[in-house]
Amino acid sequence: MPPKLTFIHAADLHLDSLMEGLTAAHPAMKSRLQDSTFQSLKQLVQCAITNKVDFVLLAGDIFDSNRQSLKALVALREACKELQKHSIDVYMQYGNHDFTGKKPMMKYPNNVHIFQSEKVETFFYEKNGEPVAAIHGFSYTTRHIRSRKALEYESKGDGIYQIGMLHASLGTGSAADIYAPFSLDELRQAGFDYWALGHIHKREVLSDQPPIVYSGNIQGRHRKESGEKGCYLVELEGQSCAMTFLPLQDIRFETVDVEVKEGTALYDLEQDVLNSCMNWEDAFGEAVLHIIFHGPAHLLMRWNQEERLEELLEIVNEQQQSLGSQLILAGFSVQATLDMKEELLLERNDFTAALYTTTYSANDMTHSLEELMGNRQFRKIKQSYSEEELQEMLEEAKQLLLQTLLEVE
C-alpha cells in the first residue's frame, strides 16, 4: 500500500479577473476588488504550507484570459517559488479561459509540472525516491473541446495512487457540450482514487466512491458566486479519502433580503438598511452584497422607476465607507407583491390580461439581447447570461409590465 498522501485541490483561480461591472460602479473599491484573486492565491499558498501538503493541484482556468498580464504571471511564479521553499510540488493544467493557443511567457521553478497539450499526459509524484502517485491531465489549446477526454485517462504504475485532473462539465447530450463533456460512469470506470475537477465555480462532490469533486473557484467575482470560496485539503491513505474545505476568498459575495412593509417611507427604509449593515458585516466580514427588496408593488416599482433605490444604496455606501465598514452594497433587485392577484387578472377578457399572458421564453430573451451582446464594450462587462439570469430578468419584466398597465388603468 502506498504511503499517506496529502494535497490541495484548487481550480478556477481566474487571476487578474477585472470584475469590470463592479469596479465601474464602485471606483473607490476598484483596486481592492481587482486585487482579490491575488490575495486568495496568497491564502492558498499559506494553507499549503501550514498543512504541509505534498503537492498542489490547479485544475484549470488559473488565469482569467489566455492573454495573461505580466502581473498575473509573476504572481503565480512567486507563489510557486514560495511553495518550492517548502518542497511542495505544483501540478497545473490550463482550461477554457487560459487555453494555451498562445504560450504563457513565463519560466516557472522546477517544482511546477504543467500539462502542455490536449493529449492526456501523466506525471509521477515520488516520495523517498519511490513513485507513490500518477497524476493525469491535459490542457486546453483552444477555447472549446467537444471530445470526451475522460475516455483517454488510463492508470499507469502498479500499487500507486491514480489521480485525474479534469477541467470539464457533465455532458448533457446537447450542442452545449463544448467543455470536454464527461459522465460519472466514464470517470468511475477509470478506477482512479481521486478526480480533481475544474470549470464549475460551485464546489460540489459528485461522487464519494471514488471521490469526484469540483472544488469551485477560490474567489467569487459576482453575486451568483456567493458564499465561501476556496479549495479542498485531501488526504489519501489506502482506500480511504478525507476531504476538508478551506475557505480562501478575500471578499465574499452574498445576497440579502430586505422586507418593505406597507406605509414605509423611503427614509425608514434607509435606516432599516443602515441598521442591517452591522449584522451583515458580523455574518460575512468583508463582503459585496446584492439586496433583494420585498414589498408592495406600488411602493417598490415607483421607487425603482424613480431611481430612488439606486440612490439609497449610494447613500448607505457613503455612510458605511465613512465608518470604515468593509461592506459594499453593489446592487439590488425587486420582488414586488402585486396589489391584484394574478388569478383575478387572468379571468379578465381585456387588453391588460391579453398582454400580461403573452409568454416569453429564455430563447426569446436571448434573441432580444443579441444586439447588446454584440457590443464589444458591453462584452467586457458581461460575456453571457445563464438560464437563471434570463428567467430572473423575465420575471422582473413581467412585474414591471403589470404594475405599469394597472397604473395606466
- Roughly how far, to the nearest 0.5 Å, is CG of Asp16 from CZ of Arg67? 13.5 Å
- Message: For Gln116 versus Thr141, what's the shortest heavy-atom pair and its separation?
- Response: O-CG2, 4.2 Å
- Residues in ring-ring contact (aromatic ring centres under 6.0 Å, His included) with Phe115, at least two apart? Phe123
- By salt bridge (charged side-chain N to carboxylate O under 4.0 Å, His left out), Glu186 pairs with (sequence neighbours left out) Arg148
- Query: How would you list all residue pairs meeting side-chain hydrogen bond (donor to acceptor under 3.5 Å, both in side chains) that involve residues 169-179, not counting sequence neighbours?
  - Reply: Thr172-Ser174, Thr172-Asp177
- Query: In chain order, what residues pass the salt bridge (charged side-chain N to carboxylate O under 4.0 Å, His left out) check against Arg252, with sequence neighbours excluded?
  - Reply: Glu254
- Note: Asp54-Lys127 ion pair, threshold 4.0 Å (strictly below): yes
- Message: If only side-chain N and O atoms count, and only distance matters, is there a donor-acceptor pair under 3.5 Å linking Glu262 with His298?
- Response: yes
- Message: For the backbone of Phe138 and the side chain of Gln93, can you confirm whether one donor and one acceptor N or O come within less than 3.5 Å of each other?
- Response: yes
- Message: Considering only residues two or more places apart or on different chains, which pairs with a residue in residues 223-252 satisfy ring pair (Phe, Tyr, Trp, His ring centres under 6.0 Å)?
- Response: Tyr232-Phe245
For residues 205-221, dump all side-chain donor-acceptor pairs below 3.5 Å to protein atoms at least two apart in sequence or in another chain.
residue, atom, partner, partner atom, Å
Ser207, OG, Gln209, N, 3.4
Ser207, OG, Gln209, O, 3.4
Ser207, OG, Pro210, O, 2.8
Tyr214, OH, Ala168, O, 2.6
Ser215, OG, Ala11, N, 3.4
Asn217, OD1, Lys229, NZ, 3.3
Asn217, ND2, Gln219, O, 3.1
Asn217, ND2, Glu225, OE1, 2.9
Gln219, OE1, Ser40, OG, 3.3
Gln219, OE1, Asp250, N, 2.7
Gln219, OE1, Ile251, N, 3.1
Gln219, NE2, Ile251, O, 2.7
Arg221, NH1, Asp64, OD1, 3.1

- For Arg146, check side-chain contact (heavy atoms from CB on, under 4.5 Å) against everything at least two apart and list the hits. Ile178
- Please determine which of Val256, Leu312, Leu309 meets the side chain to side chain contact (heavy atoms under 4.5 Å, CB included) test together with Val273. Leu312
- Can you list the residues that meet the side-chain contact (heavy atoms from CB on, under 4.5 Å) rule with Glu237, with sequence neighbours excluded? Lys4, Ser240
- Message: Can you list everything that forms a salt bridge (charged side-chain N to carboxylate O under 4.0 Å, His left out) with Glu130? Sequence neighbours excluded, please.
- Response: none
- When the aromatic ring centroids of Phe7 and Tyr194 are compared, is their separation below 6.0 Å? yes
- Message: The criterion is side-chain contact (heavy atoms from CB on, under 4.5 Å); which residues satisfy it with Pro109, sequence neighbours excluded?
- Response: Arg77, Cys80, Lys81, Gln84, Asn111, Val112
- Check the pair His201 / His14 against ring-ring contact (aromatic ring centres under 6.0 Å, His included), numbers first and verdict last. CA-CA 11 Å; His201 290 186; His14 286 271; 4.8 Å; yes
- Query: Does any N or O in the side chain of His199 come within less than 3.5 Å of the main-chain N or O of Ala180, such that one atom is a donor and the other an acceptor?
  - Reply: no
- Query: Of all residues at least two apart in sequence or in a different chain, which pass the side-chain contact (heavy atoms from CB on, under 4.5 Å) check with Lys156?
  - Reply: Thr122, Phe124, His136
- Task: Begin from the C-alpha positions of Trp195 and Tyr153 and carry the test ring-ring contact (aromatic ring centres under 6.0 Å, His included) through to its verdict.
- Result: CA-CA 11 Å; Trp195 281 97; Tyr153 286 73; 5.0 Å; yes
- Message: Assess whether a salt bridge exists between Glu204 and Lys202, defined as any Lys/Arg side-chain N lying under 4.0 Å from an Asp/Glu carboxylate O.
- Response: no
- Message: Between His167 and Tyr140 (judged by ring centroids, cut-off 6.0 Å), do the two rings come close enough to count as a pair?
- Response: yes
- Note on the structure: With sequence neighbours left out, the residues meeting salt bridge (charged side-chain N to carboxylate O under 4.0 Å, His left out) with Asp89 are none
- Message: side chain to side chain donor-acceptor pair (under 3.5 Å) for Asp185 and Gln189? Distances and angles first, verdict last.
- Response: CA-CA 6 Å; Asp185 283 342; Gln189 289 167 10; 5.3 Å; no
- Compute the centroid of each ring, for Tyr91 and then for Phe55, and state whether the two points are separated by less than 6.0 Å. yes
